[in-house]
Amino acid sequence: MSSSKQNYGANPLAKRETDHYKNEYIESFVSKWDELIDWDARANSEGDFFLRTLKERNAHKVLDVATGTGFHSIRLIEQGFEVTSADGSPSMLARAFANGRKRDHILRTVQADWRWLNRDIHGKYDAVICLGNSFTHLFEERDRRKSLAEFYAALRHDGVLIIDQRNYDMILDEGFRSKHIYYYAGENVRAEPEHVDDGLARFVYEFPDGAKFNLNMFPLRKEYMRKLLYEVGFQKVTTYGDFQETHHQDQPDFYIHVAEKY
Ligand code: SAM
């Protein structure tokens with residue numbers, strides 16, 4: 001998040017690397033995002049699904065592995081959960097910490113890449129959350145398997161993983177020609193797939209002042225993701241669709257997988 005311009009090299013469509021995530025969330029992108037996405041509006045559009053899911057399982061100790069700028073971690077702290085906030089990007093964690101301070105919280109932050117999570121995270125959690133379409137940053141299957149195995153290992157014997165993803169099946173099957181435009185809370189941020197193939201979904205994010213940024217993501221299919229969760233050892237995987245962004249249609253914009261260890 002240090003440089004002022006995103007750098008996808010000469011051929012942005014060839015940038016398909018797990019390690020690129022730290023360079024994508026540059027300062028100007030993240031600040032605009034934080035400034036324009038009203039957290040209350042976002043909380044409203046998500047509803048209380050995560051809170052209910054955690055409470056129903058008596059989960060108290062939660063590890064947020066994709067803290068980002070802190071939205072979910074802070075929301076959970078405010079609901080009385082004990083939260084550890086991890087992320088592989090130090091600058092994202094710094095911003096999350098600052099966002100916590102603004103609301104009178106001191107976040108417990110840990111810099112950890114998912115692939116080696118348990119090198120830096122000790123102890124067992126009732127729940128691990130990986131939200132905001134974060135898992136899509138992993139481009140290699142072995143990185144996905146390794147990360148899920150690390151999430152599994154950080155959970156108590158009866159713990160639960162909550163992981164969400166965009167509905168890429170819709171985008172892959174209908175093609176980006178369908179030009180579904182996604183509006184984030186309050187229509188301040190417009191997102192649209194710019195290129196889609198089996199190995200890449202490149203989105204463009206546009207802000208009201210005309211500023212544009214991109215994210216290169218791996219288009220996870222829903223059934224593939226469920227299969228990985230079972231294969232890593234989770235015993236029960238329930239998939240829910242949707243909290244909506246806005247402008248809803250027949251199909252959900254997001255899927256949420258609740259994977260139980262016991
Ligand atoms: N959950 C937050 C939200 O919904 O606002 C943040 C989501 S943001 C889309 C994705 C986050 O995942 C980024 O902060 C990024 O640094 C982190 N991330 C991506 N790949 C990672 C990896 N391999 N290990 C650790 N963190 C990673």
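These values consider heavy atoms only, across backbone and side chains, with no hydrogens, waters or symmetry-generated copies. Remember, it's 1-based here, ligands and their atoms both numbered in the order they're listed.
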Review point. Of Thr238, Thr239, Asp164, which is the lone residue that meets side-chain hydrogen bond (donor to acceptor under 3.5 Å, both in side chains) with His257?
Key: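 One option only clears the test, and that one is Thr239.
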
Report, in ascending order of atom number, the atoms of ligand 1 lying under 4.0 Å from any heavy atom of [X].
{"X": "Ala66", "value": "1 (N), 2 (C), 6 (C), 12 (O)"}
{"X": "Ser89", "value": "16 (O)"}
{"X": "Arg42", "value": "3 (C), 4 (O), 5 (O)"}
{"X": "His72", "value": "1 (N), 4 (O)"}
{"X": "Ser134", "value": "7 (C), 8 (S), 9 (C), 10 (C), 11 (C), 12 (O)"}
{"X": "Gly68", "value": "6 (C), 14 (O)"}
{"X": "His137", "value": "19 (C), 20 (N)"}
{"X": "Asp113", "value": "22 (C), 23 (N), 24 (N), 25 (C)"}

[X] side chain to [Y] side chain, donor-acceptor N/O pair below 3.5 angstrom:
{"X": "Asp120", "Y": "Gln111", "answer": "no"}
{"X": "Asn216", "Y": "Arg16", "answer": "no"}
{"X": "Asp64", "Y": "Ser73", "answer": "yes"}

Practice item. Answer yes or no for Ala112: is there a heavy-atom contact with ligand 1 below 4.0 Å? Key: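 Contact present.
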
Review point. Any non-hydrogen atom of Ile129 lying under 4.0 Å from ligand 1?
Key: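 Checking ligand 1 against Ile129, which is what was asked, there is no heavy-atom contact under 4.0 Å.
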
Check your understanding: Are Asp169 and Arg221 within salt-bridge range, i.e. N to O under 4.0 Å?
Key ->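 Here Asp169 pairs with Arg221 in a salt bridge, since their nearest N and O are under 4.0 Å apart.
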
Exercise for review: Considering only NZ, NE, NH1 and NH2 on the basic side and carboxylate oxygens on the acidic side, decide whether Arg95 and Asp34 come within less than 4.0 Å.
Suggested key: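 A salt bridge is present here (some side-chain N lies under 4.0 Å from a carboxylate O).
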
Check your understanding: In the protein, which heavy atom is nearest to atom 13 (C) of ligand 1, and how far is it?
Key ->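 The closest heavy atom on the protein side is Asp87 OD2, 3.6 Å.
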
**Study point:** Short N or O distance, Leu131 and ligand 1, threshold 3.5 Å exclusive
**Key:**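 Between Leu131 and ligand 1 (N or O atoms, distance only) the closest approach is under 3.5 Å.
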
Point to revise | Polar contact flag for Gly88 and ligand 1 (N/O pairs, less than 3.5 Å) | key: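 Looking only at distances, the answer is yes, because the N/O contact criterion of under 3.5 Å is met.
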
Point to revise | Given Leu148, Val237, Leu63, the one that forms side chain to side chain contact (heavy atoms under 4.5 Å, CB included) with Leu161 | key: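 Single pass found, and it is Leu148.
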
Practice item. On the 0 to 90° scale, with breaks at 30° and 60°, tag the Phe207-Phe213 ring pair as parallel, tilted or perpendicular. Key: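 Rings of Phe207 and Phe213: perpendicular, over 60°.
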
